[in-house]
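Numbering of ligands and ligand atoms starts at 1, following listing order. Hydrogens, waters and symmetry mates are skipped; everything else that's a heavy atom, side chains included, is used.
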Amino acid sequence: MDTNKTILCVGLVCIDLKTIVQTYPLEDSGQRTLDTIKERGGNASNTATVLSSIGCNVEFLGTVADCENINFLRSDCSEYGINIENCAVCPKTKCPLSVVIINTENGSRTILHSNKSLRELKCEDFMKLDLKKYKWIHFEGRPNRDEIYLMMNHVRKYNNSVDDEDKIVISLEIEKIRPVLLDDLIELADYTFLSKDYARYLDYDDMTSCVKGMSDEKGKTIFCAWGEQGAAAKNPDGPIVTSKAFKPPQVKDTTGAGDTFIAGCIYSLCRNLSLGNCIEIGCRLAGAKCGIMGLKDIHSVKKIILNKIDNFKLDYKTY
Ligand code: FRU
């Protein structure tokens, strides 16, 4: 795979207003917080941030409201080297915003998200892209299921028209339980990341039965991260592989840990690591993320991750 080509992350970008509290607030009370931080958030946007921080060429595609926050989002993306030139700028709308309560007692994040008016991405926005630039396209499963379906099919058609080395790898994240069924998108993706919540919604009680059941059903590679228990993955024709979680000495902020796990897996898959090694890198990166506030310092673990990858290559496993 041409490592210089771009990884495109398609989905949500929003504002995260993180309020850091010593103890979780009581309803109808007044209390001082330790700090309030404004950050760029959204699953696909977070995955893009981590990928870029560990050295990938990254583009983000989504809708962006033309409101007072657009300059903040633009300058933040440019600071991280994330290309947003193809985003659909929507006039007269407000940027989606999350108020995130971070409890320092346990690092838990409570997300209160609002999106009053920003529309979702349409396939016609996606059609403007020059697909030759990309080696990987990651889709965040959102309520615009039908449009995502068309976008994924567009990439698959493109893949049918090019040589093997130019084919674009497609990945998909299904995290939230949506009013629309997203399961049938799995058949269009090479790799799908299911959250613990989504696995439970599908009636699975643990990560291993989820990856086994879903990869058997769909004939595709499935990943499932399960918080403190780590993660599991399965190729349709391989064994179930698992990794433990790598809990940091102090859990500071778990916001975006799942998005970081996905970035670690994509990064490792691009380097042809075995599936077991990929989830270990994903879990290590997600664990490191939980030990820092936001994603600003995630680049500091790049060296550790690269060393780990070198060790894996010396001790190569085929599954
Ligand atoms: C974390 C996150 C936050 C955002 C929220 C949107 O995964 O992407 O950055 O506020 O989820 O649902």
**Prompt:** Purely on distance, is any nitrogen or oxygen of Asn46 under 3.5 Å from one on ligand 1?
**Reply:** yes
**Fill in**
If we number the atoms of ligand 1 from 1 as shown, the ones under 4.0 Å from a heavy atom of Asp259 are 1 (C), 7 (O), 8 (O)
**Request:** Would you kindly say whether Asp206 and Ser209 are connected by a side-chain donor-acceptor distance under 3.5 Å?
**Result:** yes
**Message:** Between the side chains of Lys18 and Glu39, is the shortest nitrogen-to-carboxylate-oxygen separation below 4.0 Å, so that they form an ion pair?
**Reply:** yes
**Asked** With ring centroids as reference points, do Phe139 and Phe126 lie under 6.0 angstrom apart?
**Response** yes
**Message:** Using a 4.0 Å cut-off to any heavy atom of Cys14, which atoms of ligand 1 qualify?
**Reply:** 4 (C), 10 (O)
**Item:** For Asn43, the ligand 1 atoms whose distance to one of its heavy atoms is below 4.0 Å
**Value:** 1 (C), 2 (C), 7 (O), 8 (O), 11 (O)
**Request:** Salt-bridge test for Lys5 and Asp166: reply yes if a basic N is under 4.0 Å from a carboxylate O, no otherwise.
**Result:** yes
**Prompt:** Between Asp205 and Arg200, is there a side-chain N and carboxylate O pair less than 4.0 Å apart?
**Reply:** no
**Item:** Atoms of ligand 1 close to Ser98 [distance to a heavy atom under 4.0 angstrom, numbered from 1]
**Value:** 4 (C), 10 (O)
**Message:** Which residue and atom name correspond to the protein heavy atom nearest atom 9 (O) of ligand 1, and how close is it?
**Reply:** Asp16 OD2, 2.6 Å
**Asked** If you count the atoms of ligand 1 from 1 in the order shown, which ones are under 4.0 Å from a heavy atom of Lys176?
**Response** 12 (O)
**Item:** Residue Gly41 vicinity, atoms of ligand 1 by number, heavy atom under 4.0 Å
**Value:** 9 (O)
**Asked** Hey, are Asp66 and Lys94 close enough for a salt bridge, meaning a charged N less than 4.0 Å from a carboxylate O?
**Response** no
**Message:** Taking only non-hydrogen atoms of Gly258, do any sit less than 4.0 angstrom from ligand 1?
**Reply:** no
**Per-atom contacts, ligand 1 versus Gly42 - under 4.0 Å to a heavy atom** = 3 (C), 4 (C), 8 (O), 9 (O)
**Aromatic ring proximity, centroids under 6.0 angstrom, Tyr191 and Trp136** = yes
